[in-house]
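A short write-up of the structure that comes next.
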Amino acid sequence: MPTTLIAAFRSTLEEVSDSDLLLRVIDVTSPYMSEEQETIDTLLEELGATGIPSITVLNKYDRTNPIPNGVEQLKNPKVYISAKHKDNLEALNAQIEIALKEDMQAYSLSVDASEGKRLARLKTTTIVEHIEFDETDEVYTVTGFANRSHPEINQQ
C-alpha cells in the first residue's frame, strides 16, 4: 500500500487492533511483494497489532507459474487463492476456521426446543460443529467453539 494511502487511512487501520484474525492479502504477481510484506509488518508493529494471529493470502497464484521466489519466506500460514476463478476459497475458509478455533473455547450446550432464538444465535455467533435433536426430551445438544467471552457459553 502506498505510504500516502497509509497516512490517509491511519484511523481506519487502527481498528486492526480489535481484530481476532488478520488476512494479509498479497498479490503474487506484484514485483514489490517483499516490500509490501515489510510495509504490512511495519504498520502492524506501529499499531501494536503484531500479536494478532494472521494468515497470508496469496492472490492471483493462477497467473504465475512457477510461484515467484520469496513467497516461502512470507510469514504465517499461507493459502494460495485466485479470487477471479474462486480457486482454493474452501481452503482459505478452512484455514480461517482453524486459526479462529485456536483462540476459542469448545462448548457443548443443551438447548430446549422452545428456544429457537437461542439456537439461531448460536448458529450465527459461534462455530457450530454438531447439532443433535433428542425427540424424547425435546432438546438440542449443540457442540462447537465460541469466543471465551461469549454470553451463551458463560451462562452454563
Side-chain angles (χ1 to χ4, degrees), residues 1-2 5-6 9 12-45 47 49-111 115-134 139-154 156:
M1 182 182 290
L5 276 181
I6 292 172
F9 290 102
T12 302
L13 291 170
E14 287 173 354
E15 298 295 321
V16 162
S17 12
D18 293 330
S19 300
D20 295 322
L21 177 68
L22 300 176
L23 299 180
R24 299 165 169 244
V25 180
I26 305 246
D27 178 349
V28 294
T29 65
S30 170
Y32 306 106
M33 189 173 54
S34 295
E35 291 87 349
E36 291 165 356
Q37 180 69 43
E38 288 174 23
T39 300
I40 292 170
D41 291 342
T42 301
L43 183 59
L44 290 176
E45 191 172 323
L47 295 172
T50 54
I52 298 172
S54 60
I55 298 169
T56 300
V57 180
L58 300 155
N59 192 23
K60 298 185 185 177
Y61 91 97
D62 58 313
R63 294 180 53 195
T64 60
N65 189 8
I67 299 296
N69 288 335
V71 168
E72 290 311 314
Q73 284 74 35
L74 295 176
K75 299 174 183 168
N76 314 306
K78 295 174 224 25
V79 178
Y80 297 91
I81 69 162
S82 168
K84 183 177 181 181
H85 299 291
K86 311 267 189 267
D87 291 349
N88 290 348
L89 293 181
E90 295 84 17
L92 176 58
N93 285 336
Q95 190 65 48
I96 290 170
E97 189 171 307
I98 289 167
L100 289 174
K101 284 180 182 178
E102 286 178 6
D103 197 40
M104 295 178 125
Q105 173 181 337
Y107 72 86
S108 180
L109 296 174
S110 294
V111 179
E115 295 181 281
K117 286 185 180 180
R118 183 177 183 207
L119 187 61
R121 205 168 32 251
L122 286 169
K123 288 179 179 178
T124 58
T125 62
T126 72
I127 297 174
V128 174
E129 296 226 308
H130 185 71
I131 299 177
E132 188 173 324
F133 185 65
D134 180 336
V139 71
Y140 291 95
T141 301
V142 184
T143 58
F145 289 84
N147 288 333
R148 297 180 192 288
S149 62
H150 194 285
E152 297 284 339
I153 307 311
N154 291 318
Q156 296 184 51

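Here the structure is a predicted model, which means the values were calculated and not measured.
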With a 3.5 Å cut-off and no angle check, do the side chains of Arg24 and Ser54 form a donor-acceptor pair?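 Short answer, yes.
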
Say whether Glu97 and Asn93, considering side chains only, have a donor N or O and an acceptor N or O under 3.5 Å apart.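 No, because no side-chain N or O of Glu97 sits under 3.5 Å from a partner of the opposite role on Asn93.
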
What's the separation between atom OG1 in Thr42 and atom CD in Glu35, rounded to the nearest 0.5 Å?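 So the gap between those two atoms works out to 11.5 Å.
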
Working to the nearest 0.5 angstrom, can you tell me the gap between Phe133 CZ and Leu119 CG?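 Going from CZ on Phe133 over to CG on Leu119, the span is 10.0 Å.
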
Which residues satisfy the side-chain contact (heavy atoms from CB on, under 4.5 Å) test with [X], sequence neighbours excluded?
| X | result |
| --- | --- |
| Ile98 | Gln95, Glu102 |
| Ala83 | Asn59 |
| Ala146 | Tyr107, Thr126, His150, Ile153 |
| Val139 | Ser110, Asp134, Asp137 |

Less than 4.5 Å apart, any side-chain heavy atom of [X] and any of [Y]?
| X | Y | value |
| --- | --- | --- |
| Leu58 | Ile81 | no |
| Ile40 | Ile26 | yes |
| Leu21 | Ile52 | no |
| Met33 | Val28 | yes |
| Thr125 | Glu152 | no |

Under the criterion side chain to side chain contact (heavy atoms under 4.5 Å, CB included), I'd like the reasoning laid out for Thr141 against Leu109: C-alpha separation, chi angles, the key distance, then a yes or no. CA-CA 6 Å; Thr141 301; Leu109 296 174; over 6 Å; no

State which residues pass ring-ring contact (aromatic ring centres under 6.0 Å, His included) with Tyr32; sequence neighbours excluded, sorted by chain then number.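 Here no residue qualifies.
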
Partners of Phe145 by ring-ring contact (aromatic ring centres under 6.0 Å, His included), sequence neighbours excluded?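 Here no residue qualifies.
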
Taking side-chain hydrogen bond (donor to acceptor under 3.5 Å, both in side chains) as the test, write out the residues that go with [X], two or more places apart.
| X | value |
| --- | --- |
| Glu132 | His130 |
| Thr143 | none |
| Ser30 | Glu36 |

Take Asn147 and Gln105 through the side chain to side chain contact (heavy atoms under 4.5 Å, CB included) test and state the conclusion after the steps. CA-CA 6 Å; Asn147 288 333; Gln105 173 181 337; over 6 Å; no

For Leu22, is there any backbone N or O sitting under 3.5 Å from a side-chain donor or acceptor partner on Ser19?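 It does not hold such a pair.
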
Tell me whether Asp27 contacts the main-chain N or O of Thr29 through its side chain, where contact means a donor paired with an acceptor under 3.5 Å.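 Checked: pair present.
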
Stepwise side chain to side chain contact (heavy atoms under 4.5 Å, CB included) check, Val111 with Arg121: CA-CA 11 Å; Val111 179; Arg121 205 168 32 251; over 6 Å; no

So, for Asn88 and Val79, which heavy atoms are closest and what is the spacing to 0.1 Å?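 Result for this residue pair: O-CG1, 4.2 Å.
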
Heavy-atom pair of closest approach, residues Ser17 and Ala49: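 So the two residues come closest at CA-CB, 4.5 Å.
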
Partners passing salt bridge (Lys or Arg N to Asp or Glu O under 4.0 Å) against [X] (at least two apart in sequence or in another chain):
| X | answer |
| --- | --- |
| Glu129 | Lys101 |
| Asp20 | none |
| Glu115 | Arg118 |

Got a sec: does the CD of Glu45 have more than 12 other heavy atoms crowding it under 6.0 Å?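 It does not: Glu45 CD has 12 such atoms or fewer within range.
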
The test is side chain to side chain contact (heavy atoms under 4.5 Å, CB included); show your working for Leu23 and Ile96 and say whether it passes. CA-CA 9 Å; Leu23 299 180; Ile96 290 170; 4.0 Å; yes

